[in-house]
Amino acid sequence: MLMLGIETSCDETAAAVVEETADPRRPWRVCSSVVASQVAIHREWGGVVPELASRQHLRDICGVVERAVQEAGVSLPAVDAVAVTQGPGLVGSLLVGVSFAKSLALALGRPLVAVHHLAGHIESLFLEHGPLPLPAVVLVVSGGHTSLFDIRQAGVYRSIGRTRDDAAGEAYDKVAKLLGLGYPGGPIIDALAKEGNDHAVLFPMSRMTHRDRVAPERTVRFEFSFSGIKTSVLRYVQGQRIGAPIDAARGVRGEPVPQARTLSAQETRDIAASFQRVVVETLLDRTFAAAGWARAKSIGIAGGVSANSRLRRDAAIRGEAAALPVFVPSLHLSTDNAAMIAAAGLRRFHEGARADWDLNADASLAL
Ligand code: KG4
Ligand code: ZN
């Protein structure tokens, strides 16, 4: 069976063809995966501009789908079903993919499957590695989400924690912006941090109390918070620029010296490394704690931030120490793509999911 996946939830127009195989260890094979990135357009504005994003999806969607089919070496009528991201995401962007997928499926006389964007990120792990040992704890960490899922049965995702404020990728992007490094910030900070001292600045880690972790209904939660570290970096940078004594945990102290100065390249690298250390430690502390609580047999980390080199390295080291296999998708399956949507679509298809022709985009779709 050939599934065509379409993804337009944010600033990437993506289409992919994924084939079902007869091998239970690798049930899905990526035949093609095409991503048209809008980064160059949004970079100028320091972040994604929703109106520009939806207009660009309109321009790119036909060519991207055509190329995905071509690169898979098939023709459109060979496609057995169409899967599309229904949400969450930017509503104008989602609408382009949903409308296109509905029209295409109707014209081809093929079934349509609606997919949740985070289910796509989770399934990117199964697409890349085959079935994960279950139960698994999966961290989805991207520009819009930082969420933990307990998976006891393939295709059933139980939320056990999420961020209370910013997503980790959002914190990367905001810190890069305030350091004047450009957009998107994740890959830039990742590269700079390699040359920085990660203990140069001791930014505080967010800690959760017992009450934070145990919800009123007495269910355990593994919550994250990343707005505090972003503010600490901002205060630290402001303090350095005006030469004021600084306490990273509390902000600027004492009388500021009035001349502003720019940070040196090494100071910027040190801040990047120190920020990244705290973010990665926070992500891994919670994920491994959740895995212990769930008695997980494996850990998965997916989403754009899973491309981070330190997160990958530290996760592998901790996994080895805990004798717990850690799975991460390859780089092109970490950031937004349509192969993961096609894979999630195949799973949903076999569960019997079919979307009606009145399917609508849902910007805050729940998983
Ligand atoms: O999954 P994704 O492509 O889109 C969303 O669903 O949000 O994730 C994009 C996010 C951006 O915030 C970007 O800065 C971050 O992933 N990112 C990274 C790296 N590569 C992308 N963050 C840290 N290190 C990276 N190497
Ligand atoms: Zn994503």
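Each ligand, and each atom within it, is numbered from 1 in the order the structure gives. The figures here come from the full heavy-atom set of this structure, side chains too, leaving out hydrogens, waters and symmetry mates.
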With heavy atoms and a 4.0 Å threshold, my read on which part of Asn308 contacts ligand 1 is both

Quick note on ligand 1: atoms under 4.0 Å from a heavy atom of Gly169 include exactly 12 (O)

| said: Tell me whether ligand 1 is touched by Cys10 - counting only heavy atoms on the residue side and a distance under 4.0 Å. | reply: no

Any donor and acceptor pair, going by atom type alone, linking the side chain of Thr287 with main-chain N or O of Leu284 inside 3.5 Å?
no

Exercise. Within less than 2.8 Å of the Zn ion (ligand 2), any N, O or S from His121?
Worked result: yes

- Any donor-acceptor pair under 3.5 Å from Asn337 side chain to Met340 backbone: yes

Restricting to heavy atoms, the pick from Leu311, Val35, Val305, Val141 nearest atom 15 (C) of ligand 1 would be Val305

- Message: Counting backbone and side-chain atoms alike, is an N, O or S atom of His117 positioned under 2.8 Å from the Zn ion (ligand 2)?
- Response: yes

The protein heavy atom nearest to atom 26 (N) of ligand 1 is Asp190 OD2, 2.9 Å

Would you say the ring centroid of Phe222 lies under 6.0 angstrom from that of Trp293? yes

Taking every heavy atom of Cys10 against every heavy atom of Asp336, the minimum-distance pair comes out as CB-OD2, 4.3 Å

Atom 9 (C) of ligand 1 has as its nearest protein heavy atom Gly143 N, 3.8 Å

Query raised in the report: Where does the angle between the aromatic ring planes of Phe224 and Phe226 fall among parallel (under 30°), tilted (30 to 60°) and perpendicular (over 60°)?
Result: parallel

Residue, atom and distance of the protein heavy atom nearest atom 14 (O) of ligand 1 read Asp173 OD1, 2.7 Å

Looking only at non-hydrogen atoms, the one of Gly144, Gly186, Gly304 nearest atom 1 (O) of ligand 1 is Gly304

Any heavy atom of His117 under 4.0 Å from ligand 1? The part involved is side chain

Notebook entry, point to check: Can His121 be said to touch ligand 1, with heavy atoms closer than 4.0 Å?
Noted result: yes

* Asked: Does any N or O in the side chain of His57 come within less than 3.5 Å of the main-chain N or O of Ser93, such that one atom is a donor and the other an acceptor?
  -> no

Any sub-3.5 Å donor-acceptor pair from Ser232's side-chain atoms to Pro204's backbone N or O? no

At under 4.0 Å between heavy atoms, what of Thr335 touches ligand 1? The answer is both

Of Asp336, Asp11, Asn337, the residue with the heavy atom nearest atom 2 (P) of ligand 1 is Asp336

Looking at Asp336, the N/O/S atom that lies nearest to the Zn ion (ligand 2) is called OD1

| query | Within 45° of the ring axis of Phe126 and under 6.0 Å from its six-membered ring centre, is that where the NZ or CZ of Arg347 lies? | reply | yes

* May I ask you to decide if Gly182's main-chain N or O and Arg43's side chain share a donor-acceptor pair within less than 3.5 Å? => no

Q: Please answer whether the main-chain N or O of Glu223 pairs with a side-chain N or O of Arg162 as donor and acceptor at a distance below 3.5 Å.
A: no

